[in-house]
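Take a look at the structure set out below.
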Amino acid sequence: MTVELSAPAHDAPELSVAPEPETWAAVCAVEEILPERGVAALLGDIQVAIFRTHDGVLFATTNRDPYSGAMVMSRGIVGTRGAAPTVASPMHKQVFDLRDGRCLDAMGQAAVGLMTYAVAECGGVVHVGLPGRNPGS
Amino acid sequence: MDLMDTVNPTTGRVVVVGGGMVARRLVDALRARDEEGRWAITVLAEEPRAPYDRVALTSYFSGRDPEDLELGDPGLWDDPLVTLRRSDTVVSVDRDARTVTTARGAVFPYDHLVLATGSYAAVPPVPGKDLRGAFVYRTIDDVADLRGYVESLRDRLDRPVRGAVVGGGLLGLEAAGALQALGVASTVVEFAPRLMPIQVDEGGGEALRRLIEQLGVTVRTGAATARIVGRQGVVSRMEFTEGRPLDVDVVIFAVGVRPRDELARACGLPVGERGGVVVDATCRTEDRAVWAVGEVANIEGRCLGLVAPGYTMAEIVVDRILGGEGTFPGADLSTKLKLLGVDVASFGDAFAAAPGSLEVVVSDPVAGVYKKLVMSDDAKTLRGGILVGDASAYAALRPMVGRPLGGDPMAYLLPEGTGATPEGELPDEATVCSCNAVTAGRVRCAVREDGCTDVAGVSACTRAGTSCGSCLPLVKRLVTTELTRSGITVSTALCEHFELSRAQLFDVVRVQGLTTFSEIVARHGRGRGCDICKPVIASILASLDTGHILDGEQATLQDTNDHVLANLQKDGSYSVVPRIPGGEVTPEGLIAIGKVAKDFGLYTKITGGQRIDLFGARIEQLPAIWRRLVDAGFESGHAYGKALRTVKSCVGSTWCRFGVQDSVALAIALELRYRGLRSPHKLKLGVSGCARECAEARGKDVGVIATESGWNLYVGGNGGFTPRHAVLLAEDLDTPTLVSAIDRFLMYYVRTADRLQRTAAWVADHEGGVEAIRAVILEDSLGIRADLDAAMERHVEAYEDEWAAVLADPEKLRRFGSFVNAPETADPSLAYVPERGQVRPATPRERESRSVLVAGTTLEVRR
């Protein structure tokens with residue numbers, strides 16, 4: 001099921017590189033995401049990790065850990081680095097800024113970011129914004 | 001004849017003949033310093049292996065494998081600019097064509113040729129020297145031969161094997177140590193009137209003789225071997241020019257080494273009167289393209305048989321090849337050795353050869369110590385010295401040679417602890433590590449400017465102490481002094497969220513009775529934590545037994561392994577390890593585990609901790625797998641936690657004909673007592689039923705070894721990246737005393753260690769070391785014993801199986817869905833291929849080609 005929304009319910013971070021969402025997918029009730037943990041969601045063939053921070057803000061990134069290629073980001077530890085809300089890869093502990101997916105600690109490797117998705121809560125339901133598909137594909 | 005010239009023509013070619021320690025250093029130095037990769041280097045080695053630590057050869061007898069003698073990072077040989085050709089001897093050098101030819105017919109062109117052929121062991125021309133049973137002591141193969149021969153004799157003879165070593169110098173005593181380690185009754189035969197005539201004087205030689213005779217080695221000095229008598233081609237007796245003959249089965253010649261200069265002779269390079277390729281102070285021969293380093297080089301008119309000057313020569317040649325101006329600074333022939341467990345050191349002008357020298361001597365035949373310092377005529381400047389029996393002052397004294405000691409010389413010779421050792425300030429230019437030519441100034445600079453804050457950091461940065469390690473105590477002192485001087489306090493803060501160390505945090509959480517992360521971070525930290533502090537606090541709360549680790553907010557603190565009570569694998573699937581206490585399992589249990597693995601399509605492997613690991617479980621399969629295992633009587637093995645893992649055991653006295661105690665029963669009791677105990681790092685225990693130590697207990701955090709009258713307790717061992725043997729904490733304990741000692745040891749460690757600090761490092765870092773820990777545990781020196789005991793009692797009572805607890809709690813069970821919107825759907829990215837009858841994750845290339853994929857371990861079983 002998809003729901004059309006006009007804009008994300010929280011301030012979209014300026015650094016976000018995700019394309020403007022075209023469709024919004026309802027995923028789960030917000031209570032299903034424990035504060036300071038993430039869940040994985042399967043949206044078509046896209047795996048998204050959705051996180052909820054201590055103050056109730058939602059973030060969504062790809063579930064794919066760019067360093068190991070495994071679909072595990074939703075199982076990382078959620079925390080902070082300075083003012084940035086973060087998730088650490090459960091595989092090899094690289095740390096990412098949840099707001100824009102930027103890699104904050106690459107553990108000695110080249111920094112690779114996470115793709116982020118727009119996410120919003122509407123009537124207690126979490127929605128993830130998916131970029132438009134190229135009609136040709 | 002094939003021409004071995006594959007390198008880029010713009011790259012220069014360095015060819016090294018010989019594959020010993022100095023050759024290795026040369027390659028290391030060239031690859032480290034030739035940053036643009038201008039030089040390709042080829043090492044032609046006669047031995048069938050990469051360069052190894054010849055100095056540590058004798059340790060091959062104390063059970064080490066040849067691999068343990070490896071020098072440095074073996075990855076060096078994978079460098080595209082480095083070629084190592086083994087098992088091939090260079091037979092000729094064509095200096096006009098600038099090529100060398102090997103016995104197998106390969107020809108290598110060179111721009112620079114470095115002769116690093118080393119030495120061979122000299123064998124005196126005595127009749128009988130070629131009989132079977134006569135050995136030299138030079139290579140791993142020599143040593144392996146000797147060991148094989150002695151072992152075959154031991155099986156054949158119904159009496160102890162008897163051996164003799166010809167030569168009472170450094171190498172001879174090494175060889176005697178080797179015989180001793182093989183259980184051979186040995187005699188050292190030395191032509192000179194004392195042992196180690198080159199390094200020590202008469203007094204030192206006498207002290208050495210007494211110490212070595214106490215170890216059961218017979219010493220015959222002033223004895224010349226006349227011949228070796230054989231029976232049926234095998235060594236049976238030695239005869240001397242004077243005195244009684246000696247019945248022997250094995251003879252080792254260790255009378256010295258001779259340079260292998262035959263290549264240089266054959267191609268017309270000058271050699272010294274007593275051999276050795278003549279080189280100048282830059283290690284260059286008469287031919288500008290040919291160099292010689294190490295024992296084969298005749299420098300300053302002599303060949304040097306120590307590794308440190310060889311390393312210096314290697315560095316000089318590299319420097320020169322790269323256009324530098326390095327010259328040989330003169331040999332430092334200082335030596336410090338542990339021969340047969342006896343410390344011997346000699347440095348500087350040990351024989352007081354300079355006129356007007358004064359000697360300060362301490363000789364204590366009862367304690368088995370002889371120490372001598374050679375001072376200038378005003379008794380102020382240190383010129384050299386000899387230390388036998390206790391060489392602990394060597395590291396501090398050797399760099400002071402040629403400098404004022406700054407105190408009463410006698411103070412350096414008294415046993416440690418009887419008076420303050422004068423803290424003579426070492427000048428910056430004094431060499432601290434002679435193996436790697438590191439000065440005191442360099443060590444200080446590493447602290448001051450390179451930001452090193454501990455000995456390990458300084459060693460990595462400067463290479464000080466990375467070869468023989470004898471200078472490490474001195475490096476440590478310099479580092480500590482420099483840190484204090486720079487006003488650097490090493491931060492013990494856990495991370496950006498907590499200023500406290502783990503031990504401090506443990507105390508405040510315990511004393512203030514805090515039970516949630518939010519409370520703890522609000523009172524003692526800032527922010528919302530991270531992947532460092534959250535698992536630490538989770539572990540502290542778990543150690544204090546505040547309920548299931550997935551209860552409430554605690555669940556958010558856990559690493560994924562603890563969060564799903566299984567071990568994350570590289571593809572995002574998990575492995576499951578049921579507890580098998582002491583490694584004892586019934587046939588029914590094995591069948592149950594096997595059926596689970598089969599039904600869920602899991603890859604199975606026996607672990608090092610005597611249990612079974614089941615790989616490839618998807619997150620949504622975990623509860624169903626646990627249900628089956630729990631129903632079959634298994635529980636969580638905590639393989640996923642920083643917690644007690646296993647107590648490994650041998651079969652013990654119930655079955656084994658050598659066992660003296662029931663090691664299995666004890667191992668099971670210990671595993672059931674400590675299961676679930678969360679700690680700063682994983683914990684492994686071992687119990688052996690006799691001194692043969694089949695459970696490898698000394699490689700564990702806590703090792704128990706049975707004795708006739710009880711148990712010996714060892715602590716602080718581990719395998720892994722830095723293997724350590726556990727050290728003896730207490731002997732001959734009865735079982736209740738043993739258990740309470742382990743209780744306190746573990747609880748004390750859990751409370752006071754740093755994050756991810758294993759027991760070995762904790763013991764080493766503990767002020768006062770293992771003695772202080774023994775005092776806390778056995779004598780209650782801190783008055784906390786009752787507290788530690790009570791804490792362990794609480795742990796034992798509060799234990800519950802974490803898997804069963806999750807299965808009984810629908811709220812927790814809900815977290816084990818694969819996707820929040822499709823909890824039963826398998827992660828479509830998982831892909832497996834069959835291998836040896838099981839599955840393994842597909843490699844990226846296999847995924848690309850989509851060949852033979854098993855799409856997930858999908859076989860579902862209804863709960």
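Sequence lines set the chain letters: A, B, ... in the order given, protein chains first and strands last, and positions in each chain run from 1.
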Could you pull out the closest heavy-atom pair between B:H497 and A:T80, with the gap in Å?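 Closest pair (atom of B:H497, atom of A:T80, distance): NE2-O, 2.8 Å.
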Closest heavy-atom pair and its distance - A:V72, B:G572: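 Shortest heavy-atom contact: CG1-CA, 3.5 Å.
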In terms of heavy-atom pairs under 4.5 Å with chain A, which of [options] leads?
| options | answer |
| --- | --- |
| B:Q558, B:R814, B:E553, B:Q569 | B:Q558 |
| B:T825, B:D571, B:D827 | B:D827 |
| B:G529, B:A555, B:P828, B:P535 | B:G529 |

With only heavy atoms counted, which part of [X] is less than 4.5 Å from chain A, the side chain, the backbone, both or neither?
| X | value |
| --- | --- |
| B:D559 | both |
| B:S818 | backbone |
| B:R815 | side chain |
| B:I532 | neither |

Against chain B, label A:P85 side chain, backbone, both or neither, depending on which of its atoms sit under 4.5 Å from a heavy atom there.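 Nothing of A:P85, per the 4.5 Å heavy-atom cut-off to chain B.
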Which answer fits A:V87, side chain, backbone, both or neither, if we ask what part of it has an atom under 4.5 Å from a heavy atom of chain B?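 No part of it gets close to chain B.
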When rounded to the nearest 0.5 angstrom, what is the spacing between [atom1] in [X] and [atom2] in [Y]?
| X | Y | atom1 | atom2 | answer |
| --- | --- | --- | --- | --- |
| A:L34 | B:H563 | CG | NE2 | 6.5 Å |
| A:I77 | B:L557 | CD1 | CG | 7.5 Å |
| A:R81 | B:C495 | CZ | SG | 8.5 Å |
| B:F819 | A:Q47 | CZ | CD | 3.5 Å |
| A:D105 | B:C530 | CG | SG | 10.0 Å |
| B:D531 | A:Q94 | CG | CD | 10.0 Å |

Pairing of B:K570 and A:D65 as salt bridge, 4.0 angstrom limit: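 Here B:K570 does not pair with A:D65 in a salt bridge, since their nearest N and O are not under 4.0 Å apart.
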Sub-3.5 Å donor-acceptor pair from the side chain of B:N821 to the main-chain atoms of A:L42, do we have one?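 Answer holds: yes.
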Is the backbone of B:S518 close enough, under 3.5 Å, to the side chain of A:H54 for a donor and an acceptor to pair up by distance?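 Checking the backbone N and O of B:S518 against the side chain of A:H54, no donor-acceptor pair under 3.5 Å is found.
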Test applied, side chain to side chain contact (heavy atoms under 4.5 Å, CB included); reference residue, B:V820; option that passes from A:V39, A:V126, A:V48: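 Among A:V39, A:V126, A:V48, the one meeting side chain to side chain contact (heavy atoms under 4.5 Å, CB included) with B:V820 is A:V39.
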Hey, which of B:N561, B:L568, B:V564 is the one that makes side chain to side chain contact (heavy atoms under 4.5 Å, CB included) with A:R75?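 It is B:L568; the other options fail the test.
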